[in-house]
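This report concerns only the one structure given below.
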Amino acid sequence: MNTNPSATINNPICFQHYRDLPAEMFAESMPAPSAAPSLIELNTNLLDQLGIDSSWFGSQQALSVLSGNSINEANHPIAMAYSGHQFGNWSAVLGDGRAHMLGQVKTAEGRYIDLQLKGSGRTQFSRGGDGRATLGSVIREYLLSEAMAGLGISTTRSIAMLTTGDSVAREQLNPGAILVRSAESHLRVGSFQFARSQSIQTQSIQAESIQAQSIQEDSAQPPATIDGVKALADFTIVRHFPELEQSSSKYLDLLSAVGKRQASLIAEWMLVGFIHGVMNTDNVSITGETIDFGPCAFMDEYNPQKVFSSIDVQGRYAWDQQPTIGQWNLTRLAETLLPLFDDNEEKSVEMAQQRLAEFIPQFQQSFQAGLMRKFGFTEGSDQTRQLTTEMLAAMEADGVDFTVFFNNLTRVAEGESEPVLINLFNDAEVASSLIEQWQALRAKDSDSLLSMRQANPAVIARNHQVQFAIDAAVEDNDFLPFKRLCRVLANPYQIDPADHELMAPPKSEQRVTRTFCGT
Ligand code: AMP
Ligand code: MG
């Protein structure tokens, strides 16, 4: 473990565990200075939950460190290396092109969490770009990641947001900002791909068609030295999966553990209508946290093929494609680990395939269980499954808002009269008949009602509300809509009457139909 002797007693960022990794996995990199930094938001709730003293984060000294102005205080920051399949196309070197890992903070429970600056300037991994982030993109990530946490879904978090006082040129000049992001880990499937491609000194992992779930191993390559991957896998197990350390098949178990977390993460996303939008292997967290909130969005009306990202023209990352892509990404992880499974390559492939085959059933199990909870059914039976399929089909046919439907369904279960539900559909007759069947099948005890409520948020981070908060901040320097949305999204299952307008789907002129990989 590396500690930083120069850290002052008050600065809690005093570890840099990634330095234990092979040297090629990161590069020393200093954040760029900011002209006139200002702290806009500090997530004291999160710091309190973690048992981390927030007083340092509110200090001038912290502002100086987090804005890149105090190099001595910074904890020997690094930019991390990773590769990635982006929309299926292989990029051998990506890495943090606009992010700096400051190090880890120890929580009251004795866990370590990463603190990373995003938008803090160029690194050796910046191919193009200025290394900066716009205020709009930082607000977006802050809101969406905190919304995810409010929903109880595993995610990287936002510790703080600051403006830099510099302008960032995109289509127009934008205020520059930095997000202080926390995570259990910033290791990605792409980190393993990078380690593997370094080990074999060649880029044999090629782009392939989306249908290909099969494992690719280029047998024409010289025998790989697998030291880098092994070091990364061992680091990951020790830091994040210590329960696997004693296992005789720990690398296979690591693959399964990552798969399990990803399968349930994707199920949870889908159950709240979330579309990640850019599930490239460099955006798949090894610890199963939601990471990279570029073009992501929650859908309004239910449409399984829904895509928001402006660059996802083929619908590769559509709402209903996410489990298949999750398995595709996990297969890419398995490829990097193959030599660790067994000396015999054929045997390794067979072992990996067995583990990979568990992914879709695991997803299905989480998704179906969650869907039953959303409908207030205690168990899945042929009848309940049939009815949920029919209800979803009716919602799709009539363009019913996903979140409003399940919230109103819960309200009816809680005793409200049925028109709040029936009125959402164009065809009242079909809707009434489905609701009658649902009433006969649903559980009516208080535990089930509570569980149903906790599966159905009243409010999500709707695109038009996020856009409204961004516009107010960027155009009018008004952060009140951002702060209000943040407060409401922290507790999405209960909403104050004064905030009810935030539940409403967009009016036609408010609709956001496209999202962008915001930089
Ligand atoms: P992201 O959208 O953060 O997942 O970025 C994808 C890749 O592009 C990563 O390697 C980033 O570090 C890099 N990148 C994105 N935006 C910028 C920027 N403004 N300057 C430099 N590199 C960037
Ligand atoms: Mg990314």
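Whatever order the structure lists them in is the order used to number ligands and atoms, beginning at 1.
Considering all non-hydrogen atoms of both residues, Ala352 and Leu338 come closest at CB-CD2, 4.1 Å. Nearest heavy atoms, Phe341 versus Ala334: CE1-O, 4.1 Å. Nearest approach of Ile178 to Gly119, heavy atoms of both residues: CG1-O, 3.6 Å. When every heavy atom of Gly277 is checked against every heavy atom of Ser309, the shortest pair comes out as O-CB, 4.0 Å.
Looking at Glu289 and Thr287, their side chains do bring a donor and an acceptor atom within 3.5 Å of each other.
Residue-ligand proximity, Gly97 to ligand 1, at heavy-atom distances under 4.0 Å covers atoms 11 (C), 12 (O), 21 (C), 22 (N). Atoms of ligand 1 found under 4.0 Å from any heavy atom of Arg132, numbered from 1 in the order shown, are 19 (N). Against a heavy-atom cut-off of under 4.0 Å, Gly128 is close to the following atoms of ligand 1: 20 (N), 21 (C), 22 (N).
Nearest-residue assignment for atom 9 (C) of ligand 1 (options Gly129, Gly95, Gly190; heavy-atom criterion): Gly95. Distances from atom 23 (C) of ligand 1 to the heavy atoms of Met80, Arg98, Arg127, Arg188 show the closest one on Arg98.
Put simply, no part of Gly119 is less than 4.0 Å from ligand 1, judged by heavy atoms. Within the 4.0 Å heavy-atom cutoff, Gly294 does not count among the residues contacting ligand 1.
Below 3.5 Å of separation, one finds no N or O of Gln86 facing any N or O of ligand 1. Taking any N or O of Asp292, backbone or side chain, at least one lies under 3.5 Å from an N or O belonging to ligand 1. Of the N or O atoms in Gly131, one or more lie within a sub-3.5 Å distance of an N or O in ligand 1.
Around the Mg ion (ligand 2), protein N, O or S atoms at less than 2.8 Å number 2.
Taking the six-membered ring for Trp and thresholds of 30 and 60 degrees, Phe87 and Tyr317 have ring planes inclined between 30 and 60 degrees apart. Taking the six-membered ring where tryptophan is involved, the planes of Phe367 and Phe363 are essentially parallel, since the angle between them stays under 30° and well short of 60°. Between Trp328 and His85, the angle of the ring planes goes over 60°, which puts this pair in the perpendicular group of the 30/60° scheme.
Taking a cutoff of 4.0 Å between a charged side-chain nitrogen and a carboxylate oxygen, Arg511 and Glu301 qualify as a salt bridge. Of the charged side-chain nitrogens involved, at least one lies within less than 4.0 Å of a carboxylate oxygen, so that Glu141 and Arg181 count as a salt-bridged pair. Note on Asp130 versus Arg170: salt bridge recorded, some NZ/NE/NH1/NH2 to OD/OE distance being below 4.0 Å.
With a 4.0 Å cut-off on non-hydrogen atoms, Arg122 does not touch ligand 1 at all. Under 4.0 angstrom from ligand 1, the non-hydrogen atoms of Arg170 all belong to its side chain. Contacts of Asp96 with ligand 1, taken as heavy-atom pairs under 4.0 Å, involve the backbone alone.
With Gln322 contributing its side chain and Trp319 its backbone, the two residues share a donor-acceptor pair below 3.5 Å.
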